[in-house]
Colleague: 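I am attaching a structure below and will ask some questions about it afterwards.
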Amino acid sequence: MSRATLPSNRRRFPATSYRRATGNFTTIMLPESALVFRRSIGAALFFLLVSFSCILLFRNADYSRISSSNHWGRVSAVFPSNDSVAISNEYSLENILNEAAMKDKTVILTTLNEAWAAPNSIIDLFLESFRIGDRTRWLLNHLVIVALDPKAFMRCQAIHSYCYLLATEAVDFHEEAFFMTPRYLKMMWRRIDFLRSVLELGYNFVFTDADIMWFRDPFPRFHRDADFQIACDHFTGSFSDVQNRPNGGFNFVKSNNRSIEFYKFWYSSQETYPGYHDQDVLNFIKVDPFITDLGLRMKFLDTVNFGGLCEPSKDLNKVCTMHANCCYGMNSKLHDLRIMLQDWKYYLTLAPSLKRLSIISWRVPQKCSLDSLKHPGAPEKSVQEN
């Protein structure tokens with residue numbers, strides 16, 4: 001049988017190529033120069049693919065190295081550690097307060113600087129106390145941490161929901177502010193001015209120092225008829241006795257015209273008593289006729305419920321908060337606060353019958369004491385530390 005001829009409209013292979021039939025398949029054999037060209041193209045593509053993969057690998061490795069070496073973790077990947085970099089609040093103070101407030105427009109406020117914001121430092125113990133306290137965890141939903149410097153702000157963002165950066169021109173609050181130093185005084189008075197602005201926005205607040213441990217919900221123990229109520233270093237036994245020694249580290253204030261005017265008067269009184277901190281000035285002005293004329297309803301909180309190292313609450317069945325006051329230096333505070341938390345955890349393990357017997361008490365103060373406040377260079381005007 002003769003072989004069929006391909007139609008004339010089909011492409012003919014060049015003379016230099018040839019075909020080999022194998023079964024039903026036809027293999028086209030290209031000339032040697034074409035094979036070399038195809039192999040060169042393939043090698044070039046392979047080289048480009050490998051190079052691109054290496055670039056991605058090195059970029060990822062470099063990013064991981066930078067991120068892992070950053071002390072502040074996730075937040076510092078966005079905000080470099082250079083203090084000159086501007087960091088600002090994403091939301092206004094009013095928006096943050098509105099989000100954090102209880103139904104009656106009450107918020108819990110504390111201040112934080114870099115020294116107290118370090119990992120395993122004051123702020124971590126403070127937050128832990130809310131988590132292990134008796135019905136206190138829910139209060140964290142209403143806590144706003146007011147950062148006094150950028151690094152404290154970044155640390156706050158990593159550990160808590162509501163953070164606000166309080167910028168202060170020409171003042172650096174990032175280091176530990178030792179008692180009665182100029183930096184300490186500026187920080188205390190900046191706090192009073194800030195709290196006045198919160199009242200003017202229409203919010204009630206519980207202000208608490210971060211070295212105060214929250215063991216029970218304090219709201220049932222507050223006086224309902226008071227505009228301004230404050231914890232004490234020493235409580236005389238009477239809620240209205242002006243001879244009580246108030247401590248500015250813990251107070252509950254309702255927003256109204258009386259409290260706003262009181263905070264303005266308190267802040268302006270630093271000019272009348274230069275060189276004193278807010279707590280000493282409060283002791284001076286609490287008997288001022290202006291307070292009486294203003295009609296401010298002031299109450300003092302019992303140390304049985306709101307104790308501190310100056311005057312510890314002796315009954316763990318009644319304590320709401322405990323303050324590391326009358327204590328100089330962060331290391332001393334940390335030591336005694338950790339023991340305080342251990343004592344509370346042990347108390348929680350007791351059977352109800354043993355708790356009622358009040359068989360245990362605090363093992364503090366240890367490193368904290370009034371003697372610790374007598375350090376070189378400290379003014380002798382006061383032995384109280386907020």
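What's counted below: heavy atoms across the whole structure, side chains too, no hydrogens, waters or symmetry copies.
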Colleague: Find out whether Trp266 and Phe262 are in side-chain contact, i.e. whether some heavy atom of one side chain is under 4.5 Å from a heavy atom of the other.
Modeller: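 Yes. Closest side-chain heavy atoms under 4.5 Å.
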Colleague: Rounded to the nearest 0.5 Å, how far apart are CG of Leu148 and CG of Asn113?
Modeller: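 The distance works out to 6.0 Å.
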Colleague: Indicate yes or no: at least one non-hydrogen side-chain atom of Leu301 is less than 4.5 angstrom from one of Phe252.
Modeller: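 In short, these two side chains do not touch, never coming nearer than 4.5 Å.
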Colleague: Enter the distance from Lys333:NZ to Lys367:NZ here, rounded to the nearest 0.5 Å.
Modeller: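 These two atoms lie 14.5 Å from each other.
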Colleague: How far apart are the closest heavy atoms of Lys345 and Ile132, and which atoms are they?
Modeller: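 Shortest heavy-atom separation between Lys345 and Ile132 comes out as CE-CD1, 3.8 Å.
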Colleague: Is the closest side-chain heavy-atom distance between Tyr91 and Tyr162 below 4.5 Å?
Modeller: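 Side chain of Tyr91 against side chain of Tyr162, heavy atoms only: no contact under 4.5 Å found.
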Colleague: Counting only N and O atoms by type, is there a donor-acceptor contact under 3.5 Å from the side chain of Asp211 to the main-chain atoms of Ile122?
Modeller: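 No; zero donor-acceptor contacts below 3.5 Å.
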Colleague: Can Phe290 and Ile285 be said to form a side-chain contact (heavy atoms from CB on, under 4.5 Å), step by step?
Modeller: CA-CA 8 Å; Phe290 177 82; Ile285 67 173; over 6 Å; no
Colleague: Indicate whether the side chain of Gln243 and that of Thr236 have a donor and an acceptor atom separated by less than 3.5 Å.
Modeller: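 No, no side-chain donor-acceptor pair sits under 3.5 Å.
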Colleague: Taking all non-hydrogen atoms of both residues, which atom of Phe250 and which atom of Thr321 are closest, and how far apart?
Modeller: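 So the minimum-distance heavy-atom pair works out to CE1-CG2, 4.0 Å.
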Colleague: Under a 4.5 Å cut-off applied to non-hydrogen side-chain atoms, are Thr111 and Leu166 in contact?
Modeller: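 Thr111 vs Leu166: side chains apart.
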Colleague: Looking only at heavy atoms, what is the nearest atom pair of Ser361 and Lys314, with distance?
Modeller: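 Looks like OG-O, 3.7 Å.
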Colleague: Look at atom CZ of Phe219 and say whether more than 12 heavy atoms of other residues, nucleotides or ligands are closer to it than 6.0 Å.
Modeller: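 Yes, because the 6.0 Å sphere around CZ of Phe219 holds more than 12 heavy atoms from other groups.
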Colleague: Before accepting this row, confirm whether a basic side-chain N of the pair Arg363/Asp343 lies closer than 4.0 Å to the acidic partner's carboxylate O.
Modeller: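 Here Arg363 pairs with Asp343 in a salt bridge, since their nearest N and O are under 4.0 Å apart.
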Colleague: Can you confirm whether more than 12 heavy atoms, excluding those of Asn317, are under 6.0 Å from its CG atom?
Modeller: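 For Asn317, atom CG is crowded (more than 12 foreign heavy atoms under 6.0 Å).
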Colleague: What class does the angle between the rings of Phe130 and Trp214 fall in, given that below 30° is parallel, 30 to 60° is tilted and above 60° is perpendicular?
Modeller: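 Answer is parallel, since the angle falls under 30°.
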Colleague: What pair of heavy atoms forms the shortest contact from Cys156 to Ile145, and how long is it?
Modeller: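 Heavy-atom minimum between the residues: SG-CB, 3.6 Å.
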Colleague: As an exercise, state the distance from OG1 of Thr136 to CG of Leu143, rounded to the nearest 0.5 Å.
Modeller: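 These two atoms lie 11.5 Å from each other.
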Colleague: Phe306 pairs by ring pair (Phe, Tyr, Trp, His ring centres under 6.0 Å) with which of Phe235, Phe239, Phe222?
Modeller: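 Among the candidates, only Phe222 passes.
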Colleague: Starting at CD of Glu200, measure out to NZ of Lys264 and round the result to the nearest 0.5 Å.
Modeller: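 Answer for the CD-NZ pair, Glu200 versus Lys264, is 5.0 Å.
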Colleague: Would you call Glu128 and Arg131 a salt bridge, taking side-chain N to carboxylate O under 4.0 Å as the test?
Modeller: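 No, Glu128 and Arg131 are not salt-bridged.
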Colleague: Can you say whether the rings of His142 and Trp138 are parallel (under 30°), tilted (30 to 60°) or perpendicular (over 60°)?
Modeller: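 His142 vs Trp138 ring planes: perpendicular.
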Colleague: For a side-chain contact (heavy atoms from CB on, under 4.5 Å) check, start with the C-alpha distance between Leu109 and Leu97, then their side-chain angles and the critical distance, and finish with the verdict.
Modeller: CA-CA 10 Å; Leu109 302 172; Leu97 294 174; 4.2 Å; yes
Colleague: Does Ser269 use its side chain to pair, donor to acceptor, with the backbone of Phe265 at less than 3.5 Å?
Modeller: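 Indeed, once roles are kept as given, a pair shorter than 3.5 Å links the two residues.
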Colleague: Angle class for the Phe215/Trp344 ring planes (parallel below 30°, perpendicular above 60°, tilted otherwise)?
Modeller: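 Parallel: the ring planes of Phe215 and Trp344 meet at under 30°.
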Colleague: What are the two closest non-hydrogen atoms of Ala152 and Ala147, and how far apart are they?
Modeller: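 Looks like C-CB, 3.8 Å.
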Colleague: If the threshold is 4.0 Å, N to carboxylate O, is there a salt bridge linking Arg216 and Asp134?
Modeller: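 Yes, this pair counts.
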Colleague: Would you find a donor on one side and an acceptor on the other, under 3.5 Å apart, between the side chain of Lys151 and the backbone of Glu114?
Modeller: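 No, Lys151 side chain to Glu114 backbone: no donor-acceptor pair under 3.5 Å.
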Colleague: Looking at side-chain heavy atoms only, is the closest gap between Asp209 and His323 below 4.5 Å?
Modeller: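 The answer is yes; the side chains approach within 4.5 Å.
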Colleague: Whether the side chain of Asn257 engages the backbone of Ile260 through a donor-acceptor N/O pair (distance < 3.5 Å, no angle test) should be reported.
Modeller: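 Pair absent, no side-chain N/O of Asn257 close to backbone of Ile260.
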Colleague: Evaluate the side-chain proximity of Ile230 to Phe300: yes if any heavy-atom separation is below 4.5 Å, no if none is.
Modeller: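 Of all side-chain heavy-atom pairs linking Ile230 with Phe300, at least one is under 4.5 Å.
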Colleague: Would Tyr347 end up clustered with Val304 when hydrophobic side chains under 4.5 Å apart are linked, directly or stepwise?
Modeller: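 No, Tyr347 and Val304 fall in different hydrophobic clusters.
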Colleague: Between Asn256 (side chain only) and Ser259 (backbone N and O only), is there a donor and an acceptor less than 3.5 Å apart?
Modeller: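 Judged by distance alone, yes, a pair lies under 3.5 Å.
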Colleague: If you group Ile, Leu, Val, Met, Phe, Trp and Tyr by side-chain heavy-atom gaps below 4.5 Å, do Val242 and Leu296 land in one group?
Modeller: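 Hydrophobic grouping puts Val242 apart from Leu296.
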Colleague: Any salt bridge between Lys254 and Asp227, counting N to O under 4.0 Å?
Modeller: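 So Lys254 does not pair with Asp227 through a salt bridge.
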Colleague: Evaluate Lys286 against Ile291 for side-chain contact (heavy atoms from CB on, under 4.5 Å), listing each step before the verdict.
Modeller: CA-CA 7 Å; Lys286 67 187 178 183; Ile291 304 299; 5.9 Å; no
Colleague: Do Gln157 side-chain atoms and Met154 backbone N/O form a donor-acceptor pair below 3.5 Å?
Modeller: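 No; judged by distance alone, with no hydrogens or angles, the pair does not exist.
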Colleague: In terms of SG positions, are Cys326 and Cys368 separated by less than 2.5 Å?
Modeller: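 Cysteines Cys326 and Cys368 do not qualify as a disulfide pair, their SG atoms being 2.5 Å or more apart.
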Colleague: Would you tell me whether Asp233 and Asn325 have side-chain atoms, one donor and one acceptor, within less than 3.5 Å of each other?
Modeller: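 Yes, a side-chain donor-acceptor pair sits under 3.5 Å.
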Colleague: Supply the atom-to-atom distance Leu165 CG to Glu90 CD, rounded to the nearest 0.5 angstrom.
Modeller: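 That separation rounds to 13.0 Å.
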Colleague: Between Asn305 (side chain only) and Cys320 (backbone N and O only), is there a donor and an acceptor less than 3.5 Å apart?
Modeller: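 Not at all, since once roles are kept as given, no pair shorter than 3.5 Å links the two residues.
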Colleague: For the backbone of Ser313 and the side chain of Trp362, can you confirm whether one donor and one acceptor N or O come within less than 3.5 Å of each other?
Modeller: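 Confirmed, Trp362 side chain pairs with Ser313 backbone.
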Colleague: From Gln366 CD over to Ile339 CD1, what is the distance, rounded to the nearest 0.5 angstrom?
Modeller: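 Rounded to the nearest 0.5 Å, the CD-CD1 separation comes out at 3.5 Å.
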Colleague: Going by heavy atoms in the side chains, are Trp189 and Val281 under 4.5 Å from each other?
Modeller: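 Of all side-chain heavy-atom pairs linking Val281 with Trp189, at least one is under 4.5 Å.
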Colleague: Give a yes or no on whether the backbone of Ser358 and the side-chain of Asp315 come within a donor-acceptor separation of less than 3.5 Å.
Modeller: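 Checking the backbone N and O of Ser358 against the side chain of Asp315, no donor-acceptor pair under 3.5 Å is found.
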Colleague: What I'd like to find out is whether the side chain of Thr208 reaches to under 4.5 Å of the side chain of Phe126, using heavy atoms alone.
Modeller: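 A side-chain contact under 4.5 Å exists here.
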Colleague: Measure across Leu309 and Met322 and return the closest heavy-atom pair with its distance rounded to 0.1 Å.
Modeller: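 Here Leu309 and Met322 meet closest at CD2-CE, 4.4 Å.
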Colleague: Answer yes or no: is there a donor N or O on one side and an acceptor on the other, between the side chain of Arg196 and the main chain of Tyr263, under 3.5 Å?
Modeller: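 Checked: no pair found.
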Colleague: Yes or no on side-chain contact (heavy atoms from CB on, under 4.5 Å) for Ser121 and Met330, after CA distance, side-chain angles and deciding distance?
Modeller: CA-CA 9 Å; Ser121 189; Met330 187 166 63; 3.7 Å; yes
Colleague: Is Tyr273 reachable from Val287 through a run of I, L, V, M, F, W or Y residues, each pair having side-chain heavy atoms under 4.5 Å apart?
Modeller: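 No, separate clusters.
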